[in-house]
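A short worksheet on the structure shown next.
A, B, ... follow the sequence lines: proteins, then strands. Residue 1 opens every chain. Note that the coordinates shown come from a computational prediction; the quantities given were computed from them, not determined experimentally.
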Protein chains: 2
Amino acid sequence: MTEQFFTYTDKFVNFRQADKELLASAMSFRHVKTKTDLVSYDKRTDELFFLLKGCLRKYYIKDGQQITIYITAENSFIGAFDSFITGTACKEIIETLEPSELLVLNKKDLDKLYKDIPLMNEFVRKILEQTLIQFQQALTSFILDSPEERYTKLLSQNPEILQRVPQHMLATYLGITATSLSRIRKRIVEKS
Amino acid sequence: MTEQFFTYTDKFVNFRQADKELLASAMSFRHVKTKTDLVSYDKRTDELFFLLKGCLRKYYIKDGQQITIYITAENSFIGAFDSFITGTACKEIIETLEPSELLVLNKKDLDKLYKDIPLMNEFVRKILEQTLIQFQQALTSFILDSPEERYTKLLSQNPEILQRVPQHMLATYLGITATSLSRIRKRIVEKS
DNA sequence: TTTCTTTCTTGTCTTTTGTAAACGTTTTTT
DNA sequence: AAAAAACGTTTACAAAAGACAAGAAAGAAA
């Protein structure tokens, strides 16, 4: 169960066995079914999640509409970082899109790990560096690319996700309406 | 000169005097005039910049057009993180918009600081956390808000920058054309 | 299976944006 | 001071996206 997690950590730093045991005992396993909220609107969250299996999305509600801003699958951390770090109530919702298996890390436990494991800061620093690069690319794509280009990029870079997530969620994730995505797809088919 | 930098670092961690001296000696001061490229297209970069004074932007070239993707002023780190971290050639350009004063940190020197200063990983981790929150907010704004809303948000959150940066650069930064921004501004004036 | 819900597509109409070019103004350079 | 470059706005037209509603298709639940 935690082997999968340490396959992930090994890409960043070489934790010693004692470190891994500390880490493993700090994280708790959680099995949740589809459509479960991991983080709720207007509440504080003190949990980070490592997704072992399944699929999650993060979304906002704007004018009564659900707008998906992030989608992720296996082997990644997710959380409402803003609320987690600053302690403020969070405006986003994180929910499962499939039955999912998670490792949950509590903020207090994380703070303890920073003290007890010397490599912990370096580990998180490296994860954040990777995450930042990804966010930078996503942000750049919004400025640089048209919705159609963003869709075709998603198609080529992450084809798997298209089978796991309903199109209307992908649409808002791309910054457009479901109607518009449907038309873009039609346009692409007609071209080929 | 470095006092200003340590006023910044103090917000994150309490470096000891010896640490600060190591840091100070690793960073070099650079004075550059307007329109100087700090990072160039298709070249690798091994430098990070802390902006003491002035204003910078990061931009891409798409279809011969300059598209600004980031603008920042005093007291922040900037760099082509992607190229800096992964060692690949970078597709963006960073240039000064005003005569600027910088502290420059080299990748090799940074790696040395990670070894010599125990708090260094924690310091960078905390900066990255803040940066990630900012990027997340920017990205969310692109998905959630209309160009007009993004402009009015920028207006209220960072009015100073409007006086320092030409409007056509702000336009692309907002993901729209200069023409469109001009129309949005007109629309806003007519409303009030 | 049958029903119910969710998802996807299509049509019409309106609004917004992009493109390209022109024009006046301001700023910078020589 | 004169010339050149950069900047901001406007116009006309084309392309794309949003809103809204209707209906088909697919999937889940009873």
Report the distance from atom [atom1] of [X] to atom [atom2] of [N], rounded to the nearest whole Å.
X         : N       : atom1 : atom2 : result
Arg187(A) : dA17(D) : CZ    : C1'   : 9 Å
Gln65(A)  : dT7(C)  : CD    : P     : 13 Å
Ile67(B)  : dT17(C) : CD1   : P     : 16 Å
Ile184(B) : dT9(D)  : CD1   : C1'   : 14 Å
Glu148(A) : dA17(D) : CD    : C1'   : 13 Å
Ile143(A) : dG18(C) : CD1   : P     : 13 Å
Gln66(A)  : dT7(C)  : CD    : P     : 9 Å
Lys186(A) : dA16(D) : NZ    : C1'   : 15 Å

**Q.** dG8(D) base / Arg183(B) side chain donor-acceptor hit below 3.5 Å
**A.**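 No pair found.
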
**Q.** Ion pair check, Arg57(A) and Glu95(A), cut-off under 4.0 Å
**A.**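 A salt bridge is present here (some side-chain N lies under 4.0 Å from a carboxylate O).
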
**Q.** Electrostatic pair Lys153(B)-Glu148(B), nearest N-O below 4.0 angstrom
**A.**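 No.
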
Q) Between dT9(C), dG18(C), dG18(D), which nucleotide gets closest to the side-chain atoms of Thr177(B)? A)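 Of the candidates, dG18(C) comes closest.
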
Q | Which nucleotide in dC7(D), dA17(D), dT9(D) has an atom nearest any side-chain atom of Arg185(B) | A |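 Within the option list, the nearest is dT9(D).
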
Q) Under 4.0 Å between a side-chain N or O of Gln167(B) and OP1 or OP2 of dT9(D)? A)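 For dT9(D), OP1/OP2 do have a side-chain N/O of Gln167(B) under 4.0 Å.
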
(Q) I want to check one thing: is the phosphate of dG8(D), taken as OP1 and OP2, less than 4.0 Å away from some side-chain N or O of His168(B)? (A)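 The answer is yes; a side-chain N or O of His168(B) sits under 4.0 Å from OP1 or OP2.
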
Q) Thr131(A) versus Leu128(B): any side-chain heavy-atom pair under 4.5 Å? A)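 In short, these two side chains do not touch, never coming nearer than 4.5 Å.
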
Q: Could you say whether Ala178(B) or Lys35(B) is positioned toward the 5' end of DNA chain C, judged by the nucleotide with the nearest heavy atom to each?
A: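 Its nucleotide being nearer the 5' end, the pick is Ala178(B).
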
(Q) Ring-plane angle category for Tyr8(A) and Phe50(A), please: parallel below 30°, perpendicular beyond 60°, tilted otherwise. (A)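 Answer is tilted, since the angle falls between 30° and 60°.
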
Q.
Counting the atoms with a prime plus P, OP1 and OP2 as sugar-phosphate, which does Ser182(B) contact under 4.0 Å by heavy atoms, base, sugar-phosphate, or nothing?
A.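 If one applies the 4.0 Å heavy-atom cut-off, Ser182(B) turns out to touch a base.
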
Q) So what does Thr179(B) touch, heavy atoms closer than 4.0 Å: a base, only the sugar-phosphate, or nothing? A)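 Base: the residue Thr179(B), judged by heavy atoms under 4.0 Å, touches a nucleobase.
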
Q) Do Ile61(B) and Phe142(A) belong together in a cluster built from hydrophobic side chains that touch within less than 4.5 Å? A)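 Cluster IDs for Ile61(B) and Phe142(A) differ.
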
